[in-house]
Participant: 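The structure's right below; bear with me while I get my questions together.
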Amino acid sequence: MTTSLKTLVLDTIKLDAKLQRNAEELTALAKPMTLKAWRNEVAGILGTHYGVEPHVSQKFGWLTFDKDTAAEQMLKKFFRLHPKSDAQQGSAKREQVVAPAKVVKACVSAVIESGMTKAEFNAFIVALREAVTFE
């Protein structure tokens, strides 16, 4: 029997919502753990599930599996859920942009001298963003 398109779409929506909730919960569990502790804990669970023994990585000293195995691929997915993983910190790897010091100093002086409230300052930032365009 062939499953209908509608059934597959609706099932996928439900699974996606469940996966998102699980990912959020796993990230919360990973947060207090070091990257190595997180990876080793997950590797142990995956090793039991897949019936393979994880081994210690020569490069990083944490548990891993043979390359291109189902266990190794799944470990990569779980590793990315740790808040300190490269996947979670993608923007941190980008080059940091620094605002010109003279411009910052002039703006800070103008804001302080104006006596703006925090709400007025926030409105000012919004207006500034809308008024300036970059090509």
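Since this is a predicted model, take the numbers as computed values, not measurements.
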Participant: If every non-hydrogen atom of Ser85 is compared with every non-hydrogen atom of Arg80, which pair is closest and at what distance?
Facilitator: OG-O, 3.2 Å
Participant: For Trp38, does its backbone N or O pair with a side-chain atom of Trp62 as donor and acceptor, under 3.5 Å?
Facilitator: no
Participant: Give the minimum heavy-atom separation between Gly115 and Glu120, together with the two atoms involved.
Facilitator: O-OE1, 4.3 Å
Participant: Is there a chain of hydrophobic side chains (I, L, V, M, F, W, Y, each step under 4.5 Å between heavy atoms) that links Val103 to Val108?
Facilitator: no
Participant: Contact between Lys102 and Pro100 at the side-chain level, heavy atoms closer than 4.5 Å - yes or no?
Facilitator: no
Participant: Compare every heavy atom of Gly61 with every heavy atom of Lys36, then report the nearest pair and how far apart it is.
Facilitator: CE-O, 3.1 Å
Participant: Mind checking side-chain contact (heavy atoms from CB on, under 4.5 Å) for Ser114 and listing every partner two or more places apart, or none if nothing turns up?
Facilitator: Met116
Participant: Looking at every heavy atom in both Leu75 and Leu63, which two are closest together, and how far apart are they?
Facilitator: CD2-O, 3.8 Å
Participant: Working to the nearest 0.5 Å, report the span between CZ of Phe124 and OG1 of Thr117.
Facilitator: 13.0 Å
Participant: Are Phe78 and Leu26 packed together at the side-chain level, in the sense that at least one heavy-atom pair is separated by less than 4.5 angstrom?
Facilitator: yes
Participant: Once you round to the nearest 0.5 Å, how far does CG of Leu10 lie from CG of Leu15?
Facilitator: 11.0 Å
Participant: When rounded to the nearest 0.5 angstrom, what distance separates CG in Leu46 from CD in Gln73?
Facilitator: 11.5 Å
Participant: I'd like to know if the side chain of Glu72 and the backbone of Asp68 have a donor-acceptor N/O pair within less than 3.5 Å.
Facilitator: yes
Participant: I need the minimum non-hydrogen distance between Leu29 and Pro32, along with the two atoms involved.
Facilitator: O-CD, 3.3 Å
Participant: I need the Lys6 NZ to Asp11 CG distance, nearest 0.5 Å.
Facilitator: 11.5 Å
Participant: Taking side chain to side chain donor-acceptor pair (under 3.5 Å) as the criterion, tell me which of Gln58, Lys76, His55, Arg39 meets it with Thr64.
Facilitator: Arg39
Participant: Look up atom CD in Glu24 and atom CG in Leu19, then write down how far apart they are to the nearest 0.5 Å.
Facilitator: 11.0 Å
Participant: Kindly give the heavy-atom pair with the smallest separation between Phe65 and Ala43, and that separation in Å.
Facilitator: CZ-O, 3.2 Å
Participant: Give, for atom CE of Met74 and atom CD1 of Ile45, the distance between the pair rounded to the nearest 0.5 Å.
Facilitator: 12.5 Å
Participant: Test your reading of the model: is there a side-chain donor-acceptor pair from Lys84 to the backbone of Leu35, 3.5 Å cut-off?
Facilitator: no
Participant: Is there a path of hydrophobic side-chain contacts, each under 4.5 Å between heavy atoms, that joins Ile125 and Ile112?
Facilitator: no
Participant: Let me check something: do Leu128 and Val104 share a hydrophobic cluster, defined by ILVMFWY side-chain heavy atoms less than 4.5 Å apart, either directly or through other members?
Facilitator: no
